[in-house]
Amino acid sequence: MSSDFEGYEQDFAVLTAEITSKITRVPRLPPDEKKQMVANVEKQLEEAKELLEQMDLEVREIPPQSRGMYSNRMRSYKQEMGKLETDFKRSRIAYSDEVRNELLGDDGNSSENQLIKLREERAHLLDNTERLERSSRRLEAGYQIAVETEQIGQEMLENLSHDREKIQRARDRLRETDANLGKSSRVLTGMLRRTINHQIL
């Protein structure tokens, strides 16, 4: 298993070295060659990511007690990959005719138009920010209402539970009273019968 990982490591090292070399050349290339080189580097970056994924899968298969060293190497490779992607982005921007044209315009006299565009974008961003704040306030108010409703519902449930207990106790007392009345009625009936028998005698 470790031999597979080391094989991926070697491929990754060779590939990242090629990518680094090409990244340093990108800013100095003519537009046509630069476009082709950028596409080439993008493809190799994807290949490097796939190698990292394969290496990551290999590390997961390593027993936990032996995984630490490989995990540290993977972190180092991922950091290197992140640095390569950052360097690539910077190399594409450096001395870029496309970027310069976007900023200055084709005739070089569009600074006023660019300023107007920036102001419009700023106003648009402010409008979106205000909308987000309004939505956030509405959500917060809705959440507060939901919390209050839940509290009221909980209080109502507690009150209903107390009322149910009171009704149950009242029913128990009524049953007790009814039983006592039944006993009293039977005692009185017996006494009345004895009195009538006594008078007859």
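Basis for what follows: all heavy atoms, side chains included, without hydrogens, waters or symmetry-related copies. Numbers here are sequence positions counted from 1.
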- Message: Is the ring pair Tyr77/Phe5 parallel, tilted or perpendicular, if the boundaries are 30 and 60 degrees?
- Response: tilted
- Message: When you compare the side chain of Gln44 with that of Lys22, does any pair of heavy atoms fall below 4.5 Å?
- Response: yes
- Item | Sole candidate of Thr177, Asp172, Asp178 that passes side-chain hydrogen bond (donor to acceptor under 3.5 Å, both in side chains) when paired with Arg175 | Asp172
- Message: A side-chain contact here means heavy atoms from C-beta on lying under 4.5 Å apart; do Tyr70 and Met55 qualify?
- Response: no
- Task: Tell me, please, which residues at least two apart from Phe88 pass ring pair (Phe, Tyr, Trp, His ring centres under 6.0 Å).
- Result: none
- Task: For Thr86 and Arg90, run side chain to side chain contact (heavy atoms under 4.5 Å, CB included): C-alpha distance rounded to whole Å, both residues' side-chain angles, the deciding distance at 0.1 Å, then the answer.
- Result: CA-CA 6 Å; Thr86 301; Arg90 289 175 179 170; 3.8 Å; yes
- Query: Going by the salt bridge (charged side-chain N to carboxylate O under 4.0 Å, His left out) test, which pairs reach into residues 40-53, not counting sequence neighbours?
  - Reply: Glu42-Arg92, Glu46-Lys49, Lys49-Glu85
- Item | Nearest non-hydrogen partners of Pro27 and Ser91, listed with the distance | CG-O, 3.6 Å
- Query: For Lys78, which residues count as a side chain to side chain contact (heavy atoms under 4.5 Å, CB included) partner, sequence neighbours excluded?
  - Reply: Leu52, Asp56, Met74
- Distance col, row Leu84:CG vs Thr20:OG1, nearest 0.5 angstrom, shows 4.5 Å
- Item | Nearest-0.5 Å distance that lies between atom CE in Met69 and atom CD1 in Ile62 | 7.5 Å
- Atom CG of Asn40 and atom CD of Glu33: how far apart are they, to the nearest 0.5 Å? 12.5 Å
- Ignoring hydrogens and geometry, is there a side-chain-to-backbone donor-acceptor pair from Ser21 to Glu18 under 3.5 Å? no
Which pairs of donor and acceptor atoms, one on a side chain in residues 155-170, lie under 3.5 Å apart (sequence neighbours left out)?
| residue | atom | partner | partner atom | Å |
| --- | --- | --- | --- | --- |
| Asn159 | ND2 | Glu155 | O | 3.3 |
| His162 | ND1 | Glu158 | O | 3.4 |

- Item | Nearest-0.5 Å distance, CG of residue Leu15 to CG of residue Leu51 | 6.5 Å
- Would you mind reporting whether Lys183 and Arg186 have side-chain heavy atoms less than 4.5 Å apart? yes
- Message: With rounding to the nearest 0.5 angstrom, report the CD to CG distance, Glu176 to Leu181.
- Response: 11.5 Å
- Query: To the nearest 0.5 Å, what is the distance between NZ (Lys89) and CD1 (Ile23)?
  - Reply: 11.5 Å
- Query: Under 4.5 Å between any side-chain heavy atoms of Lys35 and Leu29, yes or no?
  - Reply: no
- Please tell me if the side chains of Ser71 and Val59 come closer than 4.5 Å, counting only heavy atoms from C-beta onward. yes
- Task: Any salt bridge (charged side-chain N to carboxylate O under 4.0 Å, His left out) involving residues 63-74? Give me the pairs, sequence neighbours left out, ordered by first then second residue.
- Result: Glu9-Arg73
- Can you name the ring pair (Phe, Tyr, Trp, His ring centres under 6.0 Å) partners of Tyr8, sequence neighbours left out? none
- Check Val26 against Met37 and note the closest heavy-atom contact, atom names and distance. CG2-CG, 3.7 Å
